[in-house]
There are 2 protein chains.
Amino acid sequence: MVENNDKHLDATFSALSDPTRRAILSRLALTDLTVTEIAEPYEMSLAAVSKHIGVLARAKLVSQHKEGRIRRCKFEPAALNAVADWIEYYQRFWQENLQSLENYVEKLKD
Amino acid sequence: MVENNDKHLDATFSALSDPTRRAILSRLALTDLTVTEIAEPYEMSLAAVSKHIGVLARAKLVSQHKEGRIRRCKFEPAALNAVADWIEYYQRFWQENLQSLENYVEKLKD
DNA sequence: AAAATATTCAACCAACTAGTTGACAATTGT
DNA sequence: ACAATTGTCAACTAGTTGGTTGAATATTTT
């Protein structure tokens, strides 16, 4: 079952509000990576990156699979559904505004 | 011009990560409201609500129009576009996963 | 068995956040 | 002119966040 309450939405939006975490996701979208691999391009400590991954994991945006001493991290796009649904609902107002504008322009022609 | 850099995305995701702010947006989506009207249902002080509105305004999710001593607040759905685009890009991986699953199920039939 | 590797944990710090209260500025009503 | 209303600002507090370092744990390699 997909958790879909406010708390989860909070956690997901919050996880995505950090550029480091979005960058991590963008790389994980291409291929699964270990914690060390994820950390490699960053100046910050491994522990810091591990924490970022923890935040993403708590939001279910990544899952971790233990393989011996390494932990392979996997992007979980399903976690974006709740956010996408939220956004989509409110974007409807954008569409409606465009429609209103269109109607207005149309009316000007007469 | 629509600002579309990482900082703006940070601010938007961050603004949306708070349930009070999402609730404010959901009411503003229905109709424009003054600061006092927005604050009315909440236990918290007017100043606190004013700060929340400030966060939403900095993320361009709401605009404020001064009318005498009141400030009317308006939902600006256009600010969601950057977020929607970001999400949409990554949701593609969700679709691809579904597609892969479909292909797999299809193959099982043979 | 000992050393190296991969990762997390715990304690700490600085910066930020969400809330408070009280004072202030601008506008409107009496 | 005075009082009431609307909203923000400034200063403060408690809790959270993003980073650090050093120690601890689990696993693999030698």
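Chain letters run A, B, ... following the sequence lines, proteins first and then strands; every chain starts at 1. Values in this document were obtained by computation on a predicted structure and should not be read as measured data.
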Query raised in the report: Listed by chain and number, what are the side-chain contact (heavy atoms from CB on, under 4.5 Å) partners of B:Ala47, not counting sequence neighbours?
Result: B:Ser45
Donor-acceptor pairs under 3.5 Å, side chain of residues 27-40 of chain A to any protein atom, not counting sequence neighbours: which ones?
from, atom 1, to, atom 2, distance (Å)
A:Arg27, NH1, A:Ile38, O, 3.0
A:Arg27, NH2, A:Glu37, O, 3.1
A:Thr34, OG1, A:Glu37, N, 3.1
A:Glu37, OE1, A:Thr34, N, 2.8

Report task. Would you confirm whether A:Arg71, through its side chain, and A:Lys66, through its main-chain N or O, come within 3.5 Å as a donor-acceptor pair? Result -> no
Query raised in the report: When you check the phosphate oxygens OP1 and OP2 of C:dT8, does a side-chain N or O of A:Arg71 lie under 4.0 Å from one of them?
Result: yes
Report task. Round to the nearest Å and state the distance from A:Ile53 atom CD1 to C:dT7 atom P. Result -> 8 Å
Query - Interatomic distance where CD1 belongs to A:Ile24 and C1' belongs to D:dG18 [whole Å] - result: 12 Å
**Report entry** DNA chain D: 5'-proximal contact among A:Lys66 and A:Ser45 (nearest heavy atom)
**Finding:** A:Ser45
Query - Short side-chain N/O contact from B:Ser50 to OP1 or OP2 of D:dG7, under 4.0 Å - result: no
Report task. With the side chain of B:Ile70 defined as its heavy atoms from C-beta on, choose the nearest nucleotide among D:dG7, D:dA26, C:dG19. Result -> D:dG7
Taking N or O atoms only and anything under 3.5 Å, show me the protein contacts with nucleotides 9-16 of chain C, one pair per line.
none

Requested in this report: Not counting sequence neighbours, which residues clear side-chain contact (heavy atoms from CB on, under 4.5 Å) with B:Ala79? List them please.
Outcome: B:Lys60, B:Leu61
**Report entry** Contacts of B:Glu67 that satisfy salt bridge (charged side-chain N to carboxylate O under 4.0 Å, His left out) - sequence neighbours left out
**Finding:** B:Arg72
Query - B:Leu46 CG - C:dA18 P separation (whole Å) - result: 17 Å
Query raised in the report: Side chain of B:Gln64: nearest nucleotide among C:dA18, D:dT8, D:dG18?
Result: D:dT8
Query raised in the report: For DNA chain C, what are the stems built from at least three Watson-Crick or G-U pairs in a row, each pair having both distances below 3.5 Å?
Result: C:1-30 with D:1-30
Requested in this report: Give the cluster check for A:Ile70 versus A:Val62: same hydrophobic cluster or not, with ILVMFWY residues linked at side-chain heavy-atom distances below 4.5 Å.
Outcome: no
Requested in this report: Calculate the interatomic distance between B:Phe13 atom CZ and C:dT17 atom P; express it in whole Å.
Outcome: 17 Å
Report task. Under 4.0 Å between any heavy atoms, over every strand shown, what does B:Arg72 touch: base, sugar-phosphate, or nothing? Just pick one. Result -> nothing
Query raised in the report: Could you give all pairs that pass the ring pair (Phe, Tyr, Trp, His ring centres under 6.0 Å) test and reach residues 12-54 of chain B, with sequence neighbours left out?
Result: B:Phe13-B:Trp86
Requested in this report: Please report the shortest heavy-atom distance between B:Ala59 and B:His8, naming the atom on each side.
Outcome: O-NE2, 3.4 Å
Report summary line: The side-chain hydrogen bond (donor to acceptor under 3.5 Å, both in side chains) partners of A:Gln64 (sequence neighbours excluded) come to none
Output a table of nitrogen or oxygen pairs between the protein and nucleotides 28-30 of chain C separated by less than 3.5 Å.
none

Query raised in the report: Within this structure, what is the CZ-to-P distance between B:Arg58 and C:dT17, rounded to whole angstrom?
Result: 9 Å
Query raised in the report: Is there a residue in residues 26-42 of chain B whose heavy atoms reach under 4.0 Å of DNA chain D, and which residues are they?
Result: B:Thr34, B:Val35, B:Thr36
Requested in this report: Output all residues satisfying side-chain hydrogen bond (donor to acceptor under 3.5 Å, both in side chains) with A:Ser63, sequence neighbours left out; order by chain, then residue number.
Outcome: A:His65, A:Glu76
Report task. Nearest whole angstrom, please: distance from the P of C:dT20 to the CE of B:Met44. Result -> 7 Å
Requested in this report: Return the value, rounded to whole Å, for the distance between atom CG of A:Leu56 and atom C1' of D:dG18.
Outcome: 13 Å
**Report entry** A:Tyr89-A:Leu80 co-clustered via ILVMFWY side chain contacts under 4.5 Å
**Finding:** yes
Report task. Flag yes if A:Val55 and A:Leu46 sit in one hydrophobic cluster, no otherwise; membership is Ile, Leu, Val, Met, Phe, Trp, Tyr, and two members link when side-chain heavy atoms are under 4.5 Å apart. Result -> no
Query raised in the report: Does NZ or CZ of A:Arg92 lie under 6.0 Å from the centre of the six-membered ring of A:Tyr90, at an angle within 45° of the ring axis?
Result: no
Query raised in the report: Would you say B:Ser17's side chain and B:Ser14's backbone share a donor-acceptor pair under 3.5 angstrom?
Result: yes
**Report entry** Between C1' of D:dT20 and CD of A:Glu43, the distance in whole Å
**Finding:** 14 Å
